[in-house]
Asks: 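First, the structure itself, so that you have it in front of you.
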There are 2 protein chains.
Amino acid sequence: MTEEIQVDDHGKLKCSIDYTLNKVGGKWKLVILWHVTFDGTQRYNELRRLLPGITHKMLSQQLKELEQDGLVVRTQYNEMPPRVEYSVSEKGLTLKPVLEAMHLWGTEQGGLAGE
Amino acid sequence: MTEEIQVDDHGKLKCSIDYTLNKVGGKWKLVILWHVTFDGTQRYNELRRLLPGITHKMLSQQLKELEQDGLVVRTQYNEMPPRVEYSVSEKGLTLKPVLEAMHLWGTEQGGLAGE
DNA sequence: CTGTATCCCCCTTGATACTG
DNA sequence: CAGTATCAAGGGGGATACAG
């Protein structure tokens, strides 16, 4: 299969894997999606807690991109102090198979436990 | 699920997604694995053709890491001119569900075709 | 053909301070 | 609490040359 490789005008590869990586590639996005998908709606600071090592800037940046791509939903409550919640969108839920496959692989390959 | 977040001594997240990203994250590895998995064994230069935009350095570097992680197998023929073939390993095949999930998602979200 | 080594630029990321 | 702005630093990645 896949004998025909799709290439655009600039010579860039256009395979579906590539497309997916462009949307959710990088160090953080899939982990963020994992949490909002399986742990449910999270506040901004809760996400910080869940993602040790992430910086302020990275988190807000990645969240903004995920929101712009329609993968997460941002809900702001105009209270004092402010409260903002992030949840997975319908579209974001379509990534569940990807998340589950990666979770399963990481688990089976010994990613967790006393290593 | 997953209320217990695994963290190591250095405060780094230790979830299975994270583990997987460490092994096959980045711009190229999953695409390389896609090709050797579904298009079969490939020579070095064939891979270059299949991955428009990749540089010499990146390809050999990524291949080396994939080989060291046991995900691809490198076979060298001592001929003249040299010939080296890369194929997916048994362990590499365990990533098939991940590749398929990402391929499906990329396809459904309109990653291919006239966009 | 299949790499490795070197140099170097730039882009991502981090740290910090500031805002609503 | 939930961000944004700014600046600086580091390293990932590119171009090129060289090697087996």
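Protein chains get the first letters and strands the later ones, always in sequence-line order, with residue 1 at the start of each.
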Asks: A:Asn45: which residues meet the side chain to side chain donor-acceptor pair (under 3.5 Å) condition with it, sequence neighbours left out?
Replies: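 A:Asn45: no side chain to side chain donor-acceptor pair (under 3.5 Å) contacts found.
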Asks: Can you list every ring pair (Phe, Tyr, Trp, His ring centres under 6.0 Å) pair that touches residues 63-84 of chain B, not counting sequence neighbours?
Replies: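 Every pair satisfying ring pair (Phe, Tyr, Trp, His ring centres under 6.0 Å) with a residue in residues 63-84 of chain B: there are none.
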Asks: Mind calculating the distance between CD (B:Gln42) and C1' (C:dT2) to the nearest angstrom?
Replies: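 For the pair B:Gln42 CD and C:dT2 C1', the rounded distance is 15 Å.
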Asks: Flag the pair B:Val31 / B:Ile54 as yes when at least one side-chain heavy-atom distance between them is below 4.5 Å, and no otherwise.
Replies: no
Asks: Look at atom CD of A:Gln76 and say whether more than 12 heavy atoms of other residues, nucleotides or ligands are closer to it than 6.0 Å.
Replies: yes
Asks: Are there over 12 heavy-atom neighbours, none belonging to A:Glu79, within less than 6.0 Å of that residue's CD?
Replies: yes
Asks: Side chains of B:Met80 and B:Pro82: does their closest heavy-atom pair fall under 4.5 Å?
Replies: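 A side-chain contact exists here, since the closest heavy-atom pair is under 4.5 Å.
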Asks: For DNA chain C, which residues of residues 66-77 of chain A approach it to below 4.0 angstrom with any heavy atom?
Replies: none
Asks: Checking B:Arg43 now: which residues fulfil side chain to side chain contact (heavy atoms under 4.5 Å, CB included) with it, not counting sequence neighbours?
Replies: B:Glu46, B:Arg83, B:Glu85
Asks: Using atom CZ of B:Arg48 as one end and atom C1' of D:dA15 as the other, report the distance to the nearest whole Å.
Replies: 12 Å
Asks: Is the distance from OP1 or OP2 of D:dC1 to the nearest side-chain N or O of A:Arg43 less than 4.0 Å?
Replies: no
Asks: Could you state the atom-to-atom distance from NZ of A:Lys64 to C1' of D:dG3 in whole Å?
Replies: 9 Å
Asks: Atom NZ of B:Lys29 to atom P of D:dG12: distance rounded to whole Å?
Replies: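 Atom NZ in B:Lys29 sits about 12 Å away from atom P in D:dG12.
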Asks: Starting at CD1 of B:Ile54 and ending at P of D:dA15, how long is that distance when rounded to a whole Å?
Replies: 12 Å
Asks: Report yes if the side chains of A:Gln42 and A:Leu50 come closer than 4.5 Å at any heavy-atom pair, otherwise no.
Replies: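 A:Gln42 reaches A:Leu50 side chain to side chain.
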Asks: Quick one: ring-ring contact (aromatic ring centres under 6.0 Å, His included) partners of B:Tyr86, sequence neighbours excluded?
Replies: none
Asks: By a strict heavy-atom criterion of less than 4.0 Å, which residues belonging to residues 80-87 of chain A are in contact with DNA chain D?
Replies: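 Contacts with DNA chain D under 4.0 Å: A:Pro81, A:Pro82, A:Arg83, A:Val84, A:Tyr86.
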Asks: For nucleotides 17-19 of chain D, tabulate all protein N/O to nucleotide N/O atom pairs closer than 3.5 Å, reporting atom names and distance.
Replies:
none

Asks: Are any of the side-chain heavy atoms of B:Val73 and B:Ser87 separated by less than 4.5 Å?
Replies: yes
Asks: Among residues at least two apart in sequence or on other chains, which ones pass side chain to side chain contact (heavy atoms under 4.5 Å, CB included) with A:Val24?
Replies: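 Partners of A:Val24 under the side chain to side chain contact (heavy atoms under 4.5 Å, CB included) test: A:Thr20, A:Leu30, A:Leu33, A:Leu71, A:Leu95.
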Asks: Can you give the donor-acceptor pairs under 3.5 Å from side chains of residues 58-67 of chain A to other protein atoms, not counting sequence neighbours?
Replies:
unit_1  : atom_1 : unit_2  : atom_2 : d
A:Ser60 : OG     : A:His56 : O      : 3.4
A:Ser60 : OG     : A:Lys57 : O      : 3.2
A:Glu65 : OE1    : A:Lys29 : NZ     : 2.7

Asks: Rounding to 10°, can you tell me the angle the first-five-pair axis of the helix from C:dC1-D:dG20 to C:dG20-D:dC1 makes with its last-five-pair axis?
Replies: 50°
Asks: Please list, chain by chain and in numerical order, all residues satisfying side chain to side chain donor-acceptor pair (under 3.5 Å) with A:Thr94, sequence neighbours excluded.
Replies: B:Trp105
Asks: D:dT4 P sits how many Å from A:Leu59 CG, rounded?
Replies: 10 Å
Asks: Could you check if a side-chain atom of A:Leu93 sits within less than 4.5 angstrom of a side-chain atom of A:Val88, using non-hydrogen atoms only?
Replies: yes
Asks: If I take atom CZ in residue B:Arg49 and atom C1' in nucleotide C:dC1, what distance separates them, rounded to the nearest angstrom?
Replies: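 So the CZ-C1' distance, B:Arg49 to C:dC1, works out to 15 Å.
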Asks: Is there a side-chain contact between B:His103 and A:Tyr19 in this structure, where contact means two heavy atoms from C-beta onward sitting under 4.5 Å apart?
Replies: no
Asks: Can you give me the N/O atom pairs linking the protein to nucleotides 9-13 of chain C at distances under 3.5 Å, or say none if there are none?
Replies:
unit_1 : atom_1 : unit_2  : atom_2 : d
C:dT13 : O4     : A:Lys57 : NZ     : 3.4

Asks: Do B:Ser16 and A:Thr107 touch side chain to side chain, with heavy atoms closer than 4.5 Å?
Replies: yes
Asks: Can you measure B:Glu65 atom CD to D:dG13 atom C1' for me and round it to whole angstrom units?
Replies: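 Roughly 13 Å, once rounded to whole Å.
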